[in-house]
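Within every chain, numbering begins at 1; the chains are lettered A, B, ... in the order of the sequence lines, protein sequences first and strands thereafter. Note that the structure is a prediction, hence the values are computed from the model and not measured.
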There are 2 protein chains.
Amino acid sequence: MDTPSPWLDADQQELWQDLLTVVIALPAALDRQLQRDAGISNFEYGVLARLSMADHVTMRFSELARDCNSTLPRLSKLMDRFEAREWIVRRVDPSDGRYTLATLTDSGQQKLVDSAPGHVAQVRRLVFDSLTATQRRHFGTALSNVAETVRREAAGGPTG
Amino acid sequence: MDTPSPWLDADQQELWQDLLTVVIALPAALDRQLQRDAGISNFEYGVLARLSMADHVTMRFSELARDCNSTLPRLSKLMDRFEAREWIVRRVDPSDGRYTLATLTDSGQQKLVDSAPGHVAQVRRLVFDSLTATQRRHFGTALSNVAETVRREAAGGPTG
DNA sequence: CGTTATAAGTTGCCCAGGCAAGTAAAAAGC
DNA sequence: GCTTTTTACTTGCCTGGGCAACTTATAACG
């Protein structure tokens with residue numbers, strides 16, 4: 001392979017700065033709105049949302065962690081809090097004692113329903129309203145590539 | 001105004017999931033590489049990089065915080081650590097005692113120079129290599145809009 | 001000028017999350 | 001079938017970062 005120039009050019013720098021702004025400030029903005037209006041974080045919202053879409057509103061911890069871009073310790077501790085608020089119940093998987101199942105309770109579902117509209121509105125406002133229909137398509141395509149690369153990295157990646 | 005449909009459609013959902021993956025997993029991947037190869041975080045790298053580009057490698061804390069998407073308390077504590085490692089020196093702005101100036105030391109610059117190549121390579125690998133030239137342009141345009149919106153939100157936003 | 005208001009940093013308290021070590025259950029090896 | 005390994009989750013320890021309260025320095029007001 002030839003020697004790749006070690007630095008980013010001006011265009012790349014600008015894109016990179018904007019991307020940094022988005023990856024840092026966007027989650028912060030989502031957290032602010034959810035914290036203010038619903039007392040939960042963006043991550044917590046995501047877990048409730050994912051569970052609500054599962055069969056019998058029930059999932060294994062490991063699967064839930066993967067889908068929510070989380071680690072197991074992080075999810076385990078979150079579930080402690082959710083259990084205390086009675087938003088989920090924990091039980092050992094009867095078919096394999098290593099797995100733990102989380103099931104969303106009625107009040108957990110209610111919490112999601114209550115906080116969803118404000119959150120969705122915030123997502124619209126911060127992301128979709130900034131883009132034309134064409135831009136949205138292009139953005140989606142490019143983003144899908146980057147997301148795929150990053151997902152692979154998060155798994156075994158180039159190290160494994 | 002008419003009633004906006006409260007949910008995202010399928011395309012929007014997909015874009016949104018990819019965006020969530022990127023904003024969560026991309027910083028994590030950057031942190032892993034930098035932590036492993038240089039013992040610093042992505043945020044710390046960004047602060048070193050920004051300072052290195054300033055006149056006399058010196059900036060006011062408030063300005064540095066803005067440019068690095070940081071809060072003052074966060075930056076203040078980071079500077080405690082950097083000062084302990086002698087990567088920066090702190091001094092009161094002689095022209096206005098409220099401001100504090102941070103100046104990058106030689107070893108601070110050295111740290112940046114040492115860690116830059118690996119970091120830049122990681123950025124290339126995770127972002128730019130996933131995109132064609134055309135996608136990169138489109139992506140940059142859309143991203144710039146979103147970044148602008150999010151920056152405004154981080155400042156006074158719609159509340160202020 | 002003395003008083004009040006505003007701006008820039010700092011500190012303390014608290015909590016979330018990372019990592020490494022520990023536990024428990026199932027699968028593999030022999 | 002007993003030991004060893006692997007998988008899934010949990011726990012403890014430690015650090016980073018958010019927020020609110022405090023300190024200090026200038027600006028604005030009268």
With under 30° as parallel and over 60° as perpendicular, where do the rings of Phe139(A) and Phe139(B) fit, or are they tilted in between?
parallel
Between P of dC9(D) and CD1 of Ile88(A), the distance in whole Å:
12 Å
Between CD of Gln35(B) and P of dA20(C) the distance, given in whole Å, is 11 Å
Mind calculating the distance between CG (Asp93(A)) and P (dA26(C)) to the nearest angstrom?
9 Å
Quickly work out the Met59(A) CE to dC9(D) C1' distance and round it to whole Å.
16 Å
Restricting to non-hydrogen atoms, name the atom on Phe61(B) and the atom on Ser76(B) that form the minimum distance, rounded to 0.1 Å.
CE2-CA, 4.3 Å
Show each protein N/O and nucleotides 8-11 of chain C N/O combination with a separation under 3.5 Å, one pair to a line.
{"unit_1": "dA8(C)", "atom_1": "O3'", "unit_2": "Arg98(B)", "atom_2": "O", "d": "3.2"}
{"unit_1": "dG9(C)", "atom_1": "OP1", "unit_2": "Phe61(B)", "atom_2": "N", "d": "3.3"}
{"unit_1": "dG9(C)", "atom_1": "OP1", "unit_2": "Thr100(B)", "atom_2": "N", "d": "2.9"}
{"unit_1": "dG9(C)", "atom_1": "OP1", "unit_2": "Thr100(B)", "atom_2": "O", "d": "3.3"}
{"unit_1": "dG9(C)", "atom_1": "OP2", "unit_2": "Ser62(B)", "atom_2": "N", "d": "2.8"}
{"unit_1": "dG9(C)", "atom_1": "OP2", "unit_2": "Ser62(B)", "atom_2": "OG", "d": "3.1"}
{"unit_1": "dT10(C)", "atom_1": "OP1", "unit_2": "Arg90(B)", "atom_2": "NE", "d": "3.0"}
{"unit_1": "dT10(C)", "atom_1": "OP2", "unit_2": "Ser76(B)", "atom_2": "OG", "d": "2.8"}
{"unit_1": "dT10(C)", "atom_1": "OP2", "unit_2": "Arg90(B)", "atom_2": "NH2", "d": "3.3"}

Could you check Thr58(B), Leu64(B), Val57(B), Asp67(B) and say which one makes a side-chain contact (heavy atoms from CB on, under 4.5 Å) with Leu51(B)?
Leu64(B)
Classify the ring geometry of His119(A) against Tyr45(A): parallel below 30°, tilted from 30° to 60°, perpendicular beyond 60°.
tilted
Could you tell me the separation between the CG atom of Asp31(B) and the P atom of dG17(C), rounded to a whole number of Å?
14 Å
Could Asp80(A) and Arg90(A) be called an ion pair, given the rule that one side-chain N must be under 4.0 Å from one carboxylate O?
yes
Report yes if a side-chain nitrogen or oxygen of Arg81(B) is closer than 4.0 Å to either non-bridging phosphate oxygen (OP1 or OP2) of dG17(D); otherwise report no.
yes
Expressed in angstrom and rounded to an integer, what is the separation of Asp96(A) atom CG from dA8(D) atom P?
8 Å
Which residue, Arg74(B) or Pro94(B), contacts DNA chain D at a nucleotide closer to its 5' end, judged by nearest heavy atom?
Arg74(B)
Whole-Å distance separating the CD1 atom of Ile24(A) from the C1' atom of dG17(D):
13 Å
Flag for Gln110(B)-Asp106(B): side-chain donor and acceptor within less than 3.5 Å:
no
What's Thr71(B) touching, base or sugar-phosphate or nothing? Going by heavy atoms closer than 4.0 Å.
sugar-phosphate
In whole angstrom, give the distance that lies between atom CG of Asn42(A) and atom C1' of dG17(C).
15 Å
Could Glu148(A) and Arg151(A) be called an ion pair, given the rule that one side-chain N must be under 4.0 Å from one carboxylate O?
yes
